[in-house]
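Notes follow once the structure below has been shown.
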Amino acid sequence: MAEHTIAAIYTGAALVKPLSDLMKETLGDYKIMNILDDSMIADIIEAGGMTKAVKRRLYGYYEIACASGAELILNTCSSIGDAVYGAREFFPIPIIRIDEPMARRAIELTDSIAVLATLPTTLDPTIRLLERCAQEAGKSIRTISALAEGAFPAITAGDAETHDRLIAETAKRVADSCDVILLAQGSMARMEKPLAELTGKTVLSSPRLGVEQIKGLL
């Protein structure tokens, strides 16, 4: 029997192991092909958003995934999330945004959502995603942007403690003005439980919900 393959595209190393482990645990028989290019996120940060060059590079990885026999592509980074909409028109396999199921769940639960991120370039794409999903659901929502400044450089430098502390401080600051806190980056997923305990709010992260959607599709 031929092996079934899922290609996961990453822009940062922090998420590769936890997400691969989660996929192996949830999807069992599927072979996972990890494609990591952290220069994409560096270019996005420098430009303040998605560029044509980054999009072209990303679509190159989609091509590689298709040529390698992948049945599905998982876009694991919210900063490059908007690129999937154009790509879905001409790639022959499904391209999944890891954060889409999380956004839909948040909208089912409430109309008051705080988007917590460690990168400014993730905030806008995540808010656009929420607005797109809300429109599809025929709902109107109110979003708050919450940036944990300094957390991304901390995790990039391997300082998880500072990363987690800055996220916790930011969550505490916005908790009173929302019903649900959305963790905009998959790399923040391990903070889901601690933040829920700290704030008493519903906290959502993307990896598990994203992988459950893949399981449903396959």
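The chain is numbered in sequence order, starting from 1.
Listed here is the closest heavy atom pair of C178 and K201: O-NZ, 2.9 Å. Closest of all the heavy-atom pairs between S177 and R142 is O-NH2, 3.3 Å. The two atoms that bring I32 and M23 nearest to each other are CG2-CE, 3.7 Å, heavy atoms only. Taking each heavy atom of R190 and A160 in turn, the nearest pair found is NH2-CB, 3.4 Å. Closest approach of T118 to F152, counting heavy atoms only: O-CB, 3.4 Å. The two residues I93 and E71 have their closest heavy-atom pair at CB-O, 3.5 Å.
Sorted by first and then second residue, the ring pair (Phe, Tyr, Trp, His ring centres under 6.0 Å) pairs with a member in residues 20-49 read H4-Y30; sequence neighbours excluded.
Connection of I95 to L218 is not established within any shared hydrophobic cluster, with ILVMFWY side chains joined at heavy-atom distances below 4.5 Å, either directly or through further cluster members. No continuous path of hydrophobic side-chain contacts links L129 to I96 [ILVMFWY only; heavy atoms under 4.5 Å]. Linking Ile, Leu, Val, Met, Phe, Trp and Tyr whenever their side-chain heavy atoms come within less than 4.5 Å leaves I45 and M50 in two separate clusters. No continuous path of ILVMFWY side-chain contacts below 4.5 Å connects M191 to V174, so the two sit in separate hydrophobic clusters. Residues I167 and I181 fall within the same hydrophobic cluster, defined by Ile, Leu, Val, Met, Phe, Trp and Tyr side chains chained together at heavy-atom separations under 4.5 Å.
Classification of E100 and R88 as a salt-bridged pair holds, one side-chain N sitting under 4.0 Å from a carboxylate O.
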* To do: Could you check Y61 against N75 for side-chain hydrogen bond (donor to acceptor under 3.5 Å, both in side chains), going step by step and ending with a plain yes or no?
  => CA-CA 11 Å; Y61 296 131; N75 223 57; over 6 Å; no
* I would like to know whether L19 and L74 meet side-chain contact (heavy atoms from CB on, under 4.5 Å); could you show each step before the answer? => CA-CA 11 Å; L19 189 54; L74 177 63; 4.1 Å; yes
* Asked: For M40 and C77, what are the C-alpha separation, side-chain angles and deciding distance, and is it a side-chain contact (heavy atoms from CB on, under 4.5 Å)?
  -> CA-CA 10 Å; M40 285 196 289; C77 171; over 6 Å; no
* To do: Go through the steps to decide whether T51 and D43 satisfy the test side-chain hydrogen bond (donor to acceptor under 3.5 Å, both in side chains), and finish with yes or no.
  => CA-CA 8 Å; T51 66; D43 290 353; 6.0 Å; no
* Asked: H163 and D159: side-chain contact (heavy atoms from CB on, under 4.5 Å), yes or no, with the steps?
  -> CA-CA 6 Å; H163 170 266; D159 184 357; over 6 Å; no
* Stepwise, does the salt bridge (Lys or Arg N to Asp or Glu O under 4.0 Å) test hold for R208 with E212? -> CA-CA 6 Å; R208 192 166 290 280; E212 278 168 13; 5.0 Å; no
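Residues L195 and L116 have side chains in contact (heavy-atom distance under 4.5 Å, counting atoms from C-beta outward). Contact check for Y10 versus S20: side-chain heavy atoms found under the 4.5 Å cut-off. Looking at K139 and D111, their side chains never come closer than 4.5 Å, going by heavy atoms from C-beta outward.
Put simply, CD1 on I41 and OG1 on T122 are 5.5 Å apart, with the number rounded to the nearest 0.5 Å. With rounding to the nearest 0.5 angstrom, the OG atom of S78 is 6.0 Å from the CE atom of M102. How far CG of L182 is from OG1 of T202: 11.5 Å, rounded to the nearest 0.5 Å. Atom CG of residue L130 and atom CZ of residue R104 lie 10.5 Å apart, to the nearest 0.5 angstrom. Atom CD1 in I107 sits 10.5 Å away from atom OG in S140 (nearest 0.5 Å). A distance of 9.0 Å separates CD1 of I98 from OG of S205, quoted to the nearest 0.5 Å.
Between the side chain of D99 and the backbone N or O of T126 there is no donor-acceptor pair closer than 3.5 Å. Here the side chain of T110 pairs a donor or acceptor atom with the backbone of S112 at under 3.5 angstrom. One N or O on the side chain of T76 and one on the backbone of I9 form a donor-acceptor pair closer than 3.5 Å.
Aromatic ring centres of Y59 and F90 lie closer together than 6.0 Å.
For E25, the CD atom counts as densely surrounded, since its 6.0 Å shell holds more than 12 non-hydrogen atoms of other residues, nucleotides or ligands. Atom CD of E169 has more than 12 neighbouring heavy atoms from other residues, nucleotides or ligands inside a 6.0 Å radius. The environment of E161 atom CD is sparse: at most 12 non-hydrogen atoms of other residues, nucleotides or ligands sit within 6.0 angstrom. The 12-atom threshold is exceeded at CZ of R57, counting heavy atoms of other residues, nucleotides or ligands nearer than 6.0 Å.
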